[in-house]
Amino acid sequence: MARRNPENPTPPFDAAQLFALAPQLRELLKGVSQVELEHFTMEIGDLDLFIPMTGTVASPATADAPGTVVQPPVKPTDLIRESYTKVTTDFPGRIREVRLGATKAEGGSRRHSITIGGATAPAYSDPARPPLHSPVISLDVFDMPVTLPRVLRENVADVIEDPAEWAKMNVQKFGADVVTVHLTSTDPLFRDASASAAVKTVESVLQAVDVPLIIGGCGDPRKDAEVFCAVAEMAEGERLLINSVTLDMAEAGILERVATAARDHGHAVLAFTGLDLNNAKELNRRLYEYIPPEQIVMDLTTVALGYGLEYSFTIHERARYAALMGDTELAHPTISAATNAWAAREAWMKMAPEYGSRQLRGPVWETVNALTLLLAGVDLFLMMHPAAVLTMREVIPRLPAVGNAHAGQIADWVGVRL
Amino acid sequence: MTPAAPKKKKSIREISPIDVYKLLPRTNCGECGEANCMAYATRLVNGELLLADCPQVHTEEYASPREKLEILLAPPVRTVTIGTGDYAMDIGGKYVLQRHDFTYHNPTPIAIDVNDLMKEEELIERVRRIGDFSYNYIGRKLTLNAIAIRSVSNDPEKFRNTVRTVSGASRFPLILCALDARVMAAGLEAAKGRRPLIYAATESNWKEMADLALLHNAPLAVFAPNDLALLRSLVATLLACGIRDLVLDPGTFPDEGLGDTITNFTAIRTAATKQFDDLFGFPLLGVPLTVWAGSELSEDVLKWREAITASMLISRYSDLLIMHSLDGWVILPQLIWRFNLYTDPRKPVSVEAGVRTFGRPDTRSPVLITTNYALTYFTVESDIKSANLDCYLIVADTGGLSVESAVAGRNFTAEDIARALNENNVSSLVSHTTLIIPGLAARLSGETEEATGWKILVGPKDSSGISQFLRDRWPVES
């Protein structure tokens, strides 16, 4: 069973170095720090007004007609005082907690383990129920050169040939909580690299960094099964997250092999399905036969903004709500590949000047993708651009914190000189 | 809250077509376009048709059942109209908290600000830019929607002149922003016939603003920064004054106050849609422009913050936004996200597989293939149409997955492509045997040539490049 960490550790990272890597975004997100607590009082009263409903038909959009306005008989001379009491909803379900990575004491070699999940309410819906574990960020490493948009490539150009160095940079410069190693080279349609070569790559990354790892396959169910089993055995006890297991594996009769290898060697699995909750539930049911539910994370599919982000947003809202209402087959933490945002042409393409530079458009695309699914309750994000990562790091702790708004700060926004 | 009387309001999800049918004329006249009143009732509770689509129920004879229907079908978040005529915009009108429970109506309009210290040429130029900004997204033109005029001078005459200039230069709906009622009165006089949104009634000016809203029959925003009890008090008071068209601004606090902002917006919309709290049953106004208030950060940083604040507020129930930045990289994600979020979540993720014909193709025209994921298909379709190409497009059934996902997940393989060519009898359409596959499926080209016997051309990775690709590579030399 997973041991719980009260807080997910944040590795130190050097903001100055980070900004140097993205010069256009210099100073971006460097916060104005004013922390002052403001308490707001609540008055309890019983005044309730009866307001007649006036129907769906839009109010007449006629021009000013002062003469026709019927004044109500008695107009209040003083403010009618109403109270506000927040209505709190109790949900019968809760999201399971899944531990990623294992320290020496836990049987691995990571400096920290990280726990995700544990939500008891929809994300940021109730300040009294903040997320038990803050969402975390994983940065990608590929084991062979892949096509990346220029805005992304320029940040990692020096390490793109070396997964271990790339992983190190992700942790030291970009502050990754977790590193994802994509074993793209194992694809039979690309290099068809062997399972033993993949094992070596993972070994080198395990030695280079001490954060939890996610191990990504190539998408070919049979090859992935072979590679995952070999990696799981080598990395005994490290509590890797195997990305991913699918219904295709179940169909091919190899799901059992992968899931039991993960279980026997102390890892977690990522159950991937394509925007379909029935499939997500079915895959989880199949997995329960082989591996404890506390070792299952879900990937419900992240689509880019403009290419169907709304499907991802809604599938995550639905899954989380159903789980909180008691559907235990969906009560697993979720991950989102926010990097998929870069599939959208608006993220990488040079466009007419009125749409701005892609140096900014690209990172903002990844950021909006991630923030949108953060609001839908996602627990772990796979990301790439430093500015997107920094923004998430800034926003994640702010969302559950209330009492920091200063009315005075915005009271006169109308009169601001710009 | 503790309401004294039990609320009789039903959620739209609980209303059955029978509830509605009983109140309809039941003449099966067909004027709504449906075969009978029961079919109309079903589409009405699904939000696919409006009460306005039934002419009979709007006659004198049906006044009483109509009123009952209006109450039954009223959204818990009121619809408020800003502007007049063809340029009027409806905001709010929400039935549910989460879009998957029904669908969201009235996509969040985005207003961009101007102010009364701007010189006339500067003002007209900015108004022109606001009106001109647009983006062609899968065949739809996405635009900005409104202009917010701020009184920075606090001088009634300056505000009046600015409102007059903007009114003359644009037909967009207006939001007049001034917290001083004298200034607002001057602005409203210059916007006669425009039904602008008055921003805003506050604890200190509500009496004067209420008089102005009644006098001009204009909707009124209520501003109570981070004070929901005060917001409810102001709403109760303004309702008692006889004003129904209210818009709520609980304050948009960027940076440290982001948690309060999202919490307030969520609490208000939850109370309105789940508890049918009448005092919160109004559209919400988000003001990402507040990132510019009192901050000394560089412009690009503020724009970045405005962009992320806006996108979160679109997701978290904002029915109207006021922004400052006009930069494409800030605006574009908002326009696209808004468009996406307000589509009907009940519509399928996939389109029908088969062959689509574009333009007037003949036997020598190119044949392309893509997947049946709705947004993949619509993107390709839009690019082919806007380039006026004559071609065939095979839509392969990948279970609604995009090209990249389908290739990765083996839902789009050489065998699938061969099957699509056969099932659609493509060889009867053209005299050549060349197929253009998506650039993202490049790795399938060798296998596909073997599986199909066709010559495979690897097309561009993004369908925006199809037109250029065909100019360079078509026809293929034999």
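First the proteins, then the strands, lettered A, B, ... as listed; each starts at 1.
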Measure distances from [X] to the heavy atoms of chain A and classify the residue's part below 4.5 Å as side chain, backbone, both or neither.
X         : value
Leu228(B) : both
Thr343(B) : side chain
Ser311(B) : side chain
Tyr135(B) : both
Leu332(B) : both
Val407(B) : neither
Leu444(B) : side chain
Ser233(B) : both
Leu440(B) : neither
Phe133(B) : side chain
Glu203(B) : side chain
Glu447(B) : side chain
Leu234(B) : both
Trp337(B) : both

When only pairs under 4.5 Å are counted, which of [options] shares the most heavy-atom pairs with chain A?
options                                   : answer
Asn115(B), Leu179(B), Thr252(B)           : Thr252(B)
Val287(B), Leu289(B), Leu341(B)           : Val287(B)
Glu404(B), Lys274(B), His324(B), Arg66(B) : His324(B)
Thr266(B), Ile82(B), Leu50(B), Ile336(B)  : Ile336(B)

Would a 4.5 Å heavy-atom cut-off, applied to side chains only, mark [X] and [Y] as touching?
X         : Y         : result
Thr270(B) : Val87(A)  : no
Thr376(B) : Tyr307(A) : no
Leu360(A) : Lys303(B) : no
Pro345(B) : Glu310(A) : no
Leu305(A) : Pro333(B) : yes
Met312(B) : Val395(A) : yes
Tyr84(A)  : Leu279(B) : no
Phe223(B) : Ile410(A) : yes

Look up atom [atom1] in [X] and atom [atom2] in [Y], then write down how far apart they are to the nearest 0.5 Å.
X         : Y         : atom1 : atom2 : value
Glu251(A) : Arg410(B) : CD    : CZ    : 14.0 Å
Ser125(A) : Ile262(B) : OG    : CD1   : 12.0 Å
His100(B) : Arg318(A) : NE2   : CZ    : 6.5 Å
Leu258(B) : Ile396(A) : CG    : CD1   : 12.0 Å
Asp126(A) : Thr263(B) : CG    : OG1   : 8.5 Å
Arg398(A) : Glu256(B) : CZ    : CD    : 4.5 Å

(request) Check Val364(A) against Ala307(B) and note the closest heavy-atom contact, atom names and distance. (result)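 Heavy atoms only, the tightest pair is CG2-CB, 4.0 Å.
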
(message) Looking at every non-hydrogen atom in both residues, tell me the closest pair between Arg316(B) and Ala376(A) and how far apart they are.
(response)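 Heavy atoms only, the tightest pair is NH2-N, 4.4 Å.
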
With a 4.5 angstrom heavy-atom cut-off, is it the side chain or the backbone of [X] that approaches chain B, or both, or neither?
X         : result
Pro188(A) : side chain
Pro353(A) : neither
Tyr321(A) : side chain

Do you know which of [options] has the most heavy-atom pairs with chain B at a distance under 4.5 angstrom?
options                                    : answer
Val414(A), Thr147(A), Thr367(A)            : Val414(A)
Asp248(A), Thr372(A), Thr301(A)            : Thr372(A)
Asn369(A), Asp187(A), Asp412(A), Ile315(A) : Asp187(A)
Pro76(A), Pro400(A), Ala347(A)             : Pro76(A)

(request) Could you pull out all residues at least two apart from Asp224(A) that satisfy side-chain contact (heavy atoms from CB on, under 4.5 Å)? (result)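 Once residues adjacent in sequence are excluded, the partners of Asp224(A) under the side-chain contact (heavy atoms from CB on, under 4.5 Å) criterion are Cys218(A), Phe228(A), Met249(A).
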
(request) Flag the pair Phe253(B) / Trp413(A) as yes when their ring centroid distance falls below 6.0 Å, and as no otherwise. (result)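 When the ring centroids of Phe253(B) and Trp413(A) are compared, they turn out to be at least 6.0 Å apart.
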
(request) Show the numbers, then the answer: is there a side chain to side chain donor-acceptor pair (under 3.5 Å) between Tyr137(B) and Glu346(A)? (result) CA-CA 10 Å; Tyr137(B) 172 70; Glu346(A) 289 84 358; over 6 Å; no

Ignoring hydrogens and angles, state whether a donor on the side chain of [X] or [Y] is under 3.5 Å from an acceptor on the partner side chain.
X         : Y         : value
Thr379(B) : Arg345(A) : no
Thr391(A) : Trp304(B) : yes
Thr314(A) : Arg99(B)  : yes

(message) Can you tell whether the side chains of Glu394(A) and Arg305(B) come within less than 4.0 Å, N to carboxylate O?
(response)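 Looking at Arg305(B) together with Glu394(A), the answer is yes, because their closest N to O distance falls below 4.0 Å.
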
